[in-house]
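These notes concern the structure reproduced below.
Quick note: residue numbers are just sequence positions, from 1.
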Amino acid sequence: MAIRLEDKQQIVAEVNQAAGAALSAVLADYRGVAVEDMTTLRKTARENKVYLRVVRNSLLRRAVEDTEYECIQDALVGPTILALSQEDPGAAARVLKDFASENDAFEIKALSIGGQLMAADQIDVLAKLPTLDQARAILMSVMLAPVTKLAQTMNEVPSKVTRVVAAVRDQKQDAA
């Protein structure tokens with residue numbers, strides 16, 4: 001089905017806007033995946049705030065021009081689905097990795113973060129990035145560790161004195 005020029009321009013503008021605000025991008029080949037499975041993938045992507053779009057390669061090449069995802073142009077071969085993480089850099093990688101593990105026909109082609117093209121086998125690196133809440137929790141635990149250790153150390157001094165006094169008391173009671 002032919003797409004009108006205005007529709008092509010609209011698609012390019014929409015994908016360009018999404019790519020400009022994205023934190024990471026993942027490309028995959030969806031040949032052989034059932035429609036019901038693709039619907040499930042789209043639903044999962046929406047829940048995880050991942051922009052998911054099937055776009056013609058020629059339009060996608062134009063859409064990623066002048067963005068940090070310009071490096072993905074070399075990977076645009078064959079049917080391509082584009083996933084862009086909007087809030088969490090690892091969200092798109094996690095969603096597509098989980099989907100690929102359940103569907104043998106689905107193949108991850110490439111990924112990009114920070115303007116750097118990465119091979120498909122690097123998906124685990126991106127998927128294991130912590131979410132924003134997890135990163136905050138890690139940061140808070142690192143920040144609280146010295147304070148907690150100091151409080152425990154300060155609490156040990158009176159405890160040791162109390163144990164020494166109790167030992168002396170027990171020793172005197174045994175001697176009497």
Side-chain angles (χ1 to χ4, degrees), residues 1-140:
M1 183 170 91
I3 301 175
R4 297 181 327 185
L5 179 62
E6 295 82 23
D7 295 337
K8 289 179 182 179
Q9 290 170 340
Q10 182 181 1
I11 291 169
V12 168
E14 178 188 329
V15 174
N16 184 275
Q17 182 181 9
L23 301 172
S24 67
V26 181
L27 298 174
D29 185 344
Y30 61 92
R31 274 184 281 207
V33 178
V35 174
E36 300 85 29
D37 294 335
M38 288 298 288
T39 303
T40 304
L41 174 63
R42 285 186 171 99
K43 180 182 177 206
T44 306
R46 272 192 305 273
E47 291 169 355
N48 289 293
K49 295 180 178 63
V50 173
Y51 176 85
L52 195 65
R53 182 81 192 244
V54 174
V55 185
R56 289 184 179 176
N57 291 337
S58 59
L59 297 179
L60 189 52
R61 277 189 186 88
R62 291 181 186 202
V64 296
E65 285 179 359
D66 301 327
T67 68
E68 65 181 61
Y69 302 109
E70 200 166 6
C71 60
I72 67 172
Q73 291 181 347
D74 295 336
L76 297 176
V77 178
T80 303
I81 189 165
L82 171 70
L84 298 170
S85 297
Q86 300 296 337
E87 293 181 7
D88 172 22
R94 278 190 293 278
V95 168
L96 293 187
K97 180 184 174 210
D98 292 344
F99 187 76
S101 67
E102 297 169 4
N103 295 284
D104 295 332
F106 194 80
E107 179 186 344
I108 296 172
K109 296 198 288 190
L111 48 131
S112 174
I113 186 165
Q116 182 180 2
L117 183 66
M118 301 168 73
D121 59 354
Q122 296 289 316
I123 191 79
D124 289 332
V125 174
L126 190 55
K128 289 181 181 178
L129 286 176
T131 64
L132 183 60
D133 291 337
Q134 290 170 337
R136 286 179 180 158
I138 292 168
L139 178 63
M140 290 307 295

Given the rule in the side-chain contact (heavy atoms from CB on, under 4.5 Å) test, do K8 and R62 qualify, once you have shown the distances and angles that lead to the verdict?
CA-CA 10 Å; K8 289 179 182 179; R62 291 181 186 202; over 6 Å; no
Once you round to the nearest 0.5 Å, how far does [atom1] of [X] lie from [atom2] of [Y]?
X	Y	atom1	atom2	result
E14	Q9	CD	CD	14.0 Å
L52	K43	CG	NZ	14.5 Å
R61	Q73	CZ	CD	7.0 Å
T80	L27	OG1	CG	6.0 Å
T67	I72	OG1	CD1	7.0 Å
R53	L84	CZ	CG	11.0 Å

Using a distance-only test with no angle check, is there a side-chain donor-acceptor pair under 3.5 angstrom linking Q17 and Y51?
no
Let's go through R31 and E107 carefully: what are the C-alpha distance in whole Å and the side-chain angles of both, what is the deciding distance for salt bridge (charged side-chain N to carboxylate O under 4.0 Å, His left out) to 0.1 Å, and is it a yes or a no?
CA-CA 8 Å; R31 274 184 281 207; E107 179 186 344; over 6 Å; no
Checking M38 against I81 for the side-chain contact (heavy atoms from CB on, under 4.5 Å) test, could you report, in this order, the C-alpha distance in whole Å, the side-chain angles of both residues, the deciding distance, and whether it holds?
CA-CA 10 Å; M38 288 298 288; I81 189 165; 3.5 Å; yes
Where do [X] and [Y] come nearest, in terms of heavy atoms and distance?
X	Y	result
L96	A28	CD1-CB, 4.4 Å
L60	L76	CD2-CD2, 3.4 Å
L23	I113	O-CG1, 3.6 Å
D29	K109	N-CG, 3.9 Å
S85	A91	OG-N, 3.7 Å
V54	R42	CG2-NH2, 3.8 Å

Side-chain contact, heavy-atom cut-off 4.5 Å: V55 with I11?
yes
Listed by chain and number, what are the side chain to side chain donor-acceptor pair (under 3.5 Å) partners of D37, not counting sequence neighbours?
none
More than 12 heavy atoms of other groups within 6.0 Å of Q10 CD:
no
Flag if over 12 foreign heavy atoms under 6.0 Å of CD, Q116:
no
Identify, with sequence neighbours excluded, every residue that meets ring pair (Phe, Tyr, Trp, His ring centres under 6.0 Å) alongside F99.
F106
